[in-house]
J.: 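Just passing along the structure, written as structure tokens.
So you know, we letter chains A, B, ... as the sequences are listed, proteins then strands, and number each from 1.
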Amino acid sequence: MATFQTLPGFREFYPEDFARRNHVFRLWRQTASTYGFVEYDAPVLEPLELYKAKSGDEIEGQLFSFTDKGGREVALRPEMTPTVCRLIGAKASALKRPIKWFSIGEFYRYERMQKGRGRCFSQFNADIFGEPGPEAEIELIALLTQCLCAFGLTEQDFYVRLSDRNLWFYYLEALGLDEPRIRSVLGVVDKFEKAGDEAFKSYTEQFGELDAALKAKVLAFLQIKSLAALEALLAPIGGEKLAARLVEWRKLLGGLKAMGLERFIEVDLGVVRGLAYYTGFVFEAFDRKGELRALAGGGRYDDLVQKLGGPAFPAVGFAIGDMTFALLLEQRGLTPTMVQSPDVYCVIGGEAERIAAFGAIQTIRASGYRVDYPMRDVAFGKQLKAASDSGAKLALIFGADELAKGVVKIRNLGDRTESEVPSADVMSAVREFFTG
RNA sequence: GCGGCCAUAGCUCAGUUGGUUAGAGCACAAGAUUGUGAUUCUUGGGGUCGCGGGUUCGAAUCCCGUUGGCCGCCCCA
């Protein structure tokens with residue numbers, strides 16, 4: 001039977017699934033638009049180098065990459081960020097600020113499939129460029145929240161964990177660690193939630209056992225869950241960098257509170273995100289039950305545009321993946337049932353009636369109504385059933401009797417009432433039915 | 001890349017210690033019903049039992065391999 005299968009991890013969308021996906025995309029687009037973001041798109045296939053430059057050579061193992069017929073090393077895009085950084089970098093000085101962009105696209109990663117993760121998936125990406133302050137983060141976190149709430153999800157369903165790589169950096173610096181050690185500790189922090197004490201193994205292997213007092217301080221910082229606790233812990237340390245950073249924190253949380261979003265936000269220094277390129281605030285959205293992988297993630301990456309060949313350009317962005325999101329909607333019974341029904345279904349008596357009906361059908365369609373009719377001669381009863389099953393509100397009956405009288409019978413499929421109108425008036429009768 | 005479980009119709013699943021031509025429900029289609037949507041009844045299409053090999057007189061069933069799926073680990077932009 002199935003000689004050809006879809007490649008592992010790839011998806012097919014039958015009409016109902018496709019309608020559901022479109023619905024999700026439509027709401028994301030609408031939401032982004034209400035926040036003043038504009039949509040862009042870019043190639044699905046990119047030079048392999050674009051990703052190596054950003055993430056290092058090891059990344060290649062997780063890419064769909066190959067050599068094209070011109071000998072170019074290429075890869076299907078695994079994410080949008082490098083691409084959008086290139087777009088921005090190429091026209092940075094010509095773009096009107098603030099730059100608030102979003103896109104929806106499909107991405108590809110050569111990975112083992114798992115719940116909520118496949119080899120192809122869609123992401124909603126939103127980024128703000130050129131804004132160094134936390135105002136950009138406020139706007140993006142607000143957008144992220146709304147992109148989830150638009151489907152009926154609430155603070156009961158998800159929350160956004162907020163952290164700060166800069167703060168970690170300054171804190172560890174103040175504790176006397178050098179940069180390589182700091183990076184290693186951040187790696188430990190990233191793994192700690194899952195691995196617990198095991199997470200320190202990688203640090204120990206590199207630099208030897210972490211001093212017990214230092215380790216305690218790392219753990220204390222990692223467990224911070226509020227701005228107050230943060231301020232209390234940092235106060236005795238002092239220093240300008242930390243103080244300035246706390247000002248940013250107050251701005252960010254104050255802004256989010258003013259937007260009425262504090263119920264979604266949890267300060268959680270345990271989140272650092274594995275990516276080396278994040279340079280400041282980072283955030284991730286999770287389901288409250290903690291059963292699924294991250295719904296969305298993002299953060300500031302002020303160095304990346306420059307690293308990819310553009311000018312120095314502050315940037316912050318996030319992405320929502322469609323797979324985990326769909327699982328959450330499913331869990332909460334919020335998956336919409338997408339019915340694609342015509343407005344009008346035509347019941348047609350035979351060949352002569354069919355020819356007579358075609359003119360009316362095209363006229364009604366041209367006015368924007370969805371019109372369907374059977375492609376073959378079928379018994380009236382069957383046609384009425386088909387009309388009813390189709391979900392149409394109205395049936396137009398083109399039968400021999402009607403044709404002879406020069407009329408069309410209009411049947412309201414809801415209350416089963418019927419009336420006749422002259423053939424010439426069908427269009428206006430349909431319009432009247434639907435506009436009341 | 002590693003480990004556990006699984007694979008029979010479009011879907012959900014039966015299928016006896018290995019034994020005739022592999023079944024049911026749902027779904028789909030046709031008819032009963034040649035001008036009115038329900039229900040019901042009848043009928044039908046659809047399977048190389050994931051694929052390949054082995055054991056056997058005989059394999060959906062047992063063994064090996066392989067592919068695919070689910071779950072977990074590594075990773076997770």
J.: Short of 4.0 Å, heavy atom to strand atom, which residues of residues 196-203 of chain A count as contacting RNA chain B?
T.: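 Nothing qualifies; none.
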J.: Paired with B:rU12: which nucleotide, if any, by Watson-Crick or G-U wobble criteria at under 3.5 Å for both distances?
T.: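 Pairing partner, where one exists within any strand: B:rA24.
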J.: What integer number of Å spans the C1' atoms of B:rG15 and B:rA60?
T.: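 Roughly 8 Å separates the two C1' atoms.
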J.: Look at the side chain of A:Lys382 and the base of B:rU34, then say whether one donor and one acceptor between them are separated by less than 3.5 Å.
T.: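 There is none.
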J.: Between A:Arg183 and A:Phe169, is NZ or CZ placed under 6.0 angstrom from the six-membered ring centre and within 45° of the ring axis?
T.: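 Geometry flag: not set, cation outside 6.0 Å or 45°.
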J.: In plain terms, say whether A:Glu418 and A:Arg411 are close enough for a salt bridge, that is, a side-chain N and a carboxylate O under 4.0 Å apart.
T.: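 Answer for the salt bridge query: yes.
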J.: For B:rA7, give its Watson-Crick or G-U wobble partner with both distances under 3.5 Å, or none.
T.: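 B:rA7 is paired, partner B:rU67.
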J.: Identify the two heavy atoms, one from A:Cys147 and one from A:Trp28, that lie closest to each other, and give their separation to 0.1 Å.
T.: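 A:Cys147 and A:Trp28 have their closest heavy atoms at O-NE1, 3.3 Å.
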J.: Looking at the side chain of A:Lys191, which of B:rG35, B:rC75, B:rG37 is the nearest nucleotide?
T.: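 Closest of the options to the side chain of A:Lys191: B:rC75.
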J.: Pick the P atom in B:rA38 and in B:rC28, then give their distance to the nearest Å.
T.: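 Looking at atom P only, B:rA38 and B:rC28 are 12 Å apart.
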J.: Measuring from the side chain of A:Lys115 (C-beta onward, heavy atoms only), which nucleotide among B:rC70, B:rA38, B:rC71 has the closest atom?
T.: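 Closest nucleotide to the A:Lys115 side chain: B:rC71.
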J.: What's the gap between B:rC5 and B:rA9 when it is taken at their P atoms, as a whole Å value?
T.: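 Between the two P atoms, the distance is 23 Å.
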J.: By the 4.0 Å heavy-atom rule, please label A:Gln62 as base, sugar-phosphate, or nothing.
T.: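 Here A:Gln62 touches the bases of the nucleic acid.
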J.: Taking atom C1' in both B:rG69 and B:rG25, what distance in whole Å separates the two?
T.: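 Comparing C1' positions in B:rG69 and B:rG25 gives a spacing of 24 Å.
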J.: Rounding to a whole Å, what distance do you find between A:Arg119:CZ and B:rG68:P?
T.: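 One finds 8 Å between P of B:rG68 and CZ of A:Arg119, rounded.
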J.: As a test of reading the structure: which of B:rC73, B:rG35, B:rG37 is closest to the side chain of A:Gln114, going by heavy atoms?
T.: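 Looking only at heavy atoms from C-beta outward on A:Gln114, the closest nucleotide is B:rC73.
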J.: Tell me the partner of B:rU61, counting only Watson-Crick (N1-N3 plus N6-O4 or O6-N4) or G-U wobble (N1-O2 and O6-N3) with both under 3.5 Å; none if nothing fits.
T.: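 Base-paired to nothing in any strand shown.
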J.: So, are A:Arg354 and A:Glu351 salt-bridged, with charged N and O less than 4.0 Å apart?
T.: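 Here A:Arg354 pairs with A:Glu351 in a salt bridge, since their nearest N and O are under 4.0 Å apart.
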J.: For the pair made of CG in A:Leu63 and C1' in B:rC75, what is the distance, rounded to whole Å?
T.: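 The answer, rounded to whole Å, is 13 Å.
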J.: Determine the interatomic distance between P on B:rG68 and the same-named atom on B:rC51; round to the nearest Å.
T.: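 One P to the other, the span is 15 Å.
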J.: Using the P atom in both, what is the distance from B:rC49 to B:rG31, to the nearest Å?
T.: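 Looking at atom P only, B:rC49 and B:rG31 are 32 Å apart.
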J.: Do you know which two heavy atoms are closest between A:Arg300 and A:Pro314, and how far apart they sit?
T.: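 Where A:Arg300 meets A:Pro314 most closely, the heavy atoms are NH1-CB, 3.8 Å.
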J.: Counting only distance, no hydrogens or angles, is the base of B:rG35 paired donor-acceptor with the side chain of A:Glu402 under 3.5 Å?
T.: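 For A:Glu402, whose side chain was compared with the base of B:rG35, there is a donor-acceptor pair (under 3.5 Å).
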J.: For the base of B:rU36, is there a side-chain donor-acceptor partner from A:Glu418 under 3.5 Å away?
T.: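 Between B:rU36 and A:Glu418, which were checked side chain against base, a qualifying N/O pair under 3.5 Å is present.
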J.: Could you state the CE-P distance from A:Met113 to B:rG3, rounded to the nearest angstrom?
T.: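 Those two atoms, CE and P, are 19 Å apart.
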J.: Need to verify one output field. Residue with the more 5' nearest nucleotide on RNA chain B, A:Phe10 or A:Gly399?
T.: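 Between the two, 5'-proximity favours A:Gly399.
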J.: Name the residue closer to the 5' end of RNA chain B, choosing between A:Gly116 and A:Ile59 according to the nucleotide with the nearest heavy atom.
T.: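 The residue mapped nearer the 5' terminus is A:Gly116.
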J.: Closest approach to the side chain of A:Arg416, judged atom by atom: which nucleotide of B:rC75, B:rG35, B:rG37 is it?
T.: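 Nucleotide nearest to A:Arg416's side chain: B:rG37.
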J.: Could you check how far CG of A:Asn412 sits from P of B:rU36, rounded to whole Å?
T.: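 My rounded result for the distance is 18 Å.
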J.: Specify the separation, in whole Å, of atom CD of A:Gln383 and atom P of B:rU34.
T.: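 These atoms are roughly 13 Å apart.
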J.: Just call it for A:Gly9: base, sugar-phosphate, or nothing, with non-hydrogen atoms closer than 4.0 Å on any strand.
T.: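 Result for A:Gly9 = sugar-phosphate.
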J.: Answer with base, sugar-phosphate or nothing: what part of the nucleic acid does A:Arg77 contact at a heavy-atom distance below 4.0 Å?
T.: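 Nothing: the residue A:Arg77, judged by heavy atoms under 4.0 Å, touches no strand.
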J.: So, does the side chain of A:Arg112 form a donor-acceptor pair with the base of B:rC74 at under 3.5 Å?
T.: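 Not at all, since no donor on one side and acceptor on the other fall under 3.5 Å apart.
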J.: Between B:rC57 and B:rG65, how many Å separate the two C1' atoms, rounded to a whole number?
T.: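 Taking atom C1' in both B:rC57 and B:rG65, they lie 26 Å apart.
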J.: Could you check whether A:Arg293 pairs with A:Asp287 (Lys NZ or Arg NE/NH1/NH2 to Asp/Glu carboxylate O, under 4.0 Å)?
T.: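 The answer is no: the pair does not qualify as a salt bridge.
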J.: Paired with B:rU43: which nucleotide, if any, by Watson-Crick or G-U wobble criteria at under 3.5 Å for both distances?
T.: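 Per the H-bond distance test, B:rA29.
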J.: Rounded to whole Å, please give me the gap between NZ in A:Lys385 and P in B:rG31.
T.: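 My rounded result for the distance is 14 Å.
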J.: Using distance alone, with no hydrogens and no angle criterion, decide if A:Arg11 and A:Thr6 have a side-chain donor and acceptor under 3.5 Å apart.
T.: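 Per modelled atom types, A:Arg11 and A:Thr6 side chains form no pair under 3.5 Å.
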J.: Within this structure, what is the CZ-to-P distance between A:Phe121 and B:rC76, rounded to whole angstrom?
T.: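 Distance check: A:Phe121 CZ to B:rC76 P gives 14 Å.
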J.: Side-chain contact test, heavy atoms from C-beta onward, threshold under 4.5 Å: evaluate it for A:Gln306 versus A:Pro311 and give yes or no.
T.: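 Contact flag for A:Gln306/A:Pro311 side chains = no.
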J.: What is the distance from CD of A:Glu79 to P of B:rC75, rounded to the nearest Å?
T.: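 Whole-Å distance recorded here is 18 Å.
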J.: Is there a donor and acceptor pair closer than 3.5 Å between the side chain of A:Arg411 and the base of B:rU36?
T.: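 Flag set: donor-acceptor pair detected.
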J.: Compare the minimum distances between each of B:rG68, B:rC75, B:rU36 and the side chain of A:Pro8, then state the nucleotide with the smallest one.
T.: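 Closest nucleotide to the A:Pro8 side chain: B:rG68.
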J.: In whole Å, what separates the P atom of B:rC6 from that of B:rU61?
T.: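 B:rC6 and B:rU61 have their P atoms separated by 15 Å.
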J.: Identify the heavy atoms of A:Phe107 and A:Glu79 that sit nearest to each other, and give their distance.
T.: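 Minimum heavy-atom separation between A:Phe107 and A:Glu79: CE2-C, 3.3 Å.
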J.: Below 4.0 angstrom, N of the basic side chain to O of the carboxylate: do A:Lys251 and A:Glu137 qualify?
T.: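 Not counted as a salt bridge, because no side-chain N and carboxylate O are separated by less than 4.0 Å.
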